[in-house]
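Only one structure is covered here, and it is reproduced in the block below.
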Protein chains: 2
Amino acid sequence: MAQKNLLKYILIGLLENEKKTGYDLKKLFETEIGEFWSAKHSQIYLELKRLEEQGYIASETGLFGNKIEKTYYTVTEKGRRVLNEWEETPTGELPINKDEFILKLYFIHNKNDKRIKEMLSEQYRLHASKLFHLQERMKLLFKDEISRTKNYGHFLILDLAIRREQEYIGWIKQYLY
Amino acid sequence: MAQKNLLKYILIGLLENEKKTGYDLKKLFETEIGEFWSAKHSQIYLELKRLEEQGYIASETGLFGNKIEKTYYTVTEKGRRVLNEWEETPTGELPINKDEFILKLYFIHNKNDKRIKEMLSEQYRLHASKLFHLQERMKLLFKDEISRTKNYGHFLILDLAIRREQEYIGWIKQYLY
DNA sequence: GGATCCATGTAACACGTTACATGATTGA
DNA sequence: TCAATCATGTAACGTGTTACATGGATCC
């Protein structure tokens with residue numbers, strides 16, 4: 001997955017409909033996007049600079065209070081074009097989900113190993129908590145039909161994420177008891 | 001996930017019961033481990049050297065044919081210890097599965113966007129093919145109760161992987177038709 | 001007055017991929 | 001003899017994290 005610079009498209013995509021600062025974008029990674037992507041502010045600010053140099057986004061400096069300068073970014077025509085090109089390109093190749101827990105489990109050979117129950121219990125807690133969080137997001141963002149139609153992609157992937165957690169929890173339960 | 005050097009534990013873990021060459025390990029990443037982890041030979045060879053320097057594994061050079069030298073690695077006591085420590089440490093923090101398709105979908109807002117069906121169709125093919133492959137592996141590796149008991153962790157994660165693909169496919173079908 | 005958030009940046013490092021490189025062995 | 005596979009390595013680069021760094025604004 002590395003080497004494709006997908007952060008580029010995320011940033012352009014997030015700026016598509018509304019100008020935002022680097023800090024705004026950073027906050028989005030902590031909430032909205034955080035469920036399926038991550039990036040630190042250090043990486044975001046650098047990438048924004050690079051995207052501006054390459055002409056995919058443009059910046060304007062706004063004033064906040066009377067001293068702090070905020071840099072707002074907007075998408076250029078060129079940026080809009082590459083975003084669309086990317087969206088239309090078949091993705092191909094399923095990604096490998098590197099999951100440390102899965103890895104640990106792989107190296108446990110004996111069915112009666114005491115650690116299995118401990119590990120499954122921990123995962124149960126983590127996934128149950130994530131499931132709850134996702135369900136709350138679903139309620140908050142997509143309570144009516146209109147909101148679903150307007151951000152349909154987001155609705156779809158939230159639905160997938162919830163199903164996935166439910167399945168994961170089902171799997172754990174089967175082997176935990 | 002990065003910064004934890006999990007490759008280290010994979011290599012030690014794979015060498016635990018049997019001495020292997022770098023090439024053997026590379027091959028395992030193409031088959032067995034490939035379902036849930038990836039690594040290129042360039043990274044493997046370097047990591048093996050580092051692990052030997054740090055005393056986690058030891059090497060012996062064998063001859064193959066009459067000219068080629070193969071380097072076999074085995075795990076040391078120190079290596080066995082860190083592997084066990086790792087296995088006993090709670091994993092914590094669910095990983096973020098960075099999936100390019102999910103990302104693209106997020107940026108599609110309109111329910112009637114033609115691209116949704118195309119994207120879902122492509123994913124259907126990919127996941128159906130992966131599911132088939134996983135099911136074949138399951139049949140091959142775990143046909144009887146005894147094989148399950150001997151590599152129980154592997155059986156568990158293969159079962160999870162299959163359920164996950166089934167769920168994914170179910171999700172696609174729901175919105176594709 | 002102090003904590004927390006807003007806002008932006010740089011530097012060092014770790015992880016992972018791609019490309020370059022070499023040469024022997026095996027089987028058709 | 002030619003292709004594929006076995007077998008091992010290095011170099012350059014791209015991506016992402018951690019740590020370092022600064023200073024204003026807001027709220028209690």
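The structure displayed is predicted, hence computed values, not measured ones.
Side chain to side chain, Y175(A) and D159(B) meet the donor-acceptor criterion of an N or O pair below 3.5 Å. For the residue pair W171(A)/Q166(A), the side-chain donor-acceptor check at 3.5 Å is not satisfied.
In this entry the distance linking NZ of K26(A) with C1' of dG16(D) reads 16 Å, nearest Å. In this structure, CD1 of I44(B) is placed 12 Å from C1' of dT8(D), rounded to the nearest angstrom. In this structure, H41(A) atom NE2 and dC20(D) atom P are separated by 13 Å, rounded to whole Å. dT17(D) atom P lies 10 Å from atom CZ of F29(A), rounded to whole Å. Per the geometry, CG belonging to D24(A) stands 13 Å off C1' belonging to dC5(C), to the nearest Å. Computed from coordinates, the K4(A) NZ to dT17(C) C1' distance equals 14 Å when rounded to whole Å. What separates CD of E69(A) from C1' of dT22(D) is a distance of 15 Å, to the nearest Å. Taking atom NZ on K49(A) and atom P on dG9(C), their separation rounds to 4 Å, with Å as the unit.
Of the side-chain N and O atoms in Y23(A), one or more sit less than 4.0 angstrom from OP1 or OP2 of dC6(C). Under 4.0 angstrom from either OP1 or OP2 of dA7(C) there lies at least one side-chain N or O belonging to K70(A). Look at K27(B) and you'll find a side-chain N or O under 4.0 angstrom from OP1 or OP2 of dC6(D). Y45(A) has a side-chain polar atom (N or O) that falls below the 4.0 Å cut-off from OP1 or OP2 of dT8(C). OP1 or OP2 of dG16(D) lies within a sub-4.0 Å distance of a side-chain N or O belonging to Q43(A).
Ring pair F142(B)/H154(B): centre-to-centre distance below 6.0 Å.
Residue K40(A) places its side chain closer to dT18(D) than to any other of dT10(C), dT18(D), dG16(D). Which of dT8(C), dT10(D), dT17(D) sits closest to the side chain of S38(A) comes down to dT17(D).
A donor-acceptor contact under 3.5 Å links the side chain of S42(B) to the base of dT18(C).
F36(A) and M138(A) fall within the same hydrophobic cluster, where Ile, Leu, Val, Met, Phe, Trp and Tyr residues are linked whenever their side-chain heavy atoms come under 4.5 Å apart, directly or through other members.
Remark: R50(B) does not engage E53(B) in a salt bridge, criterion side-chain N to carboxylate O under 4.0 Å.
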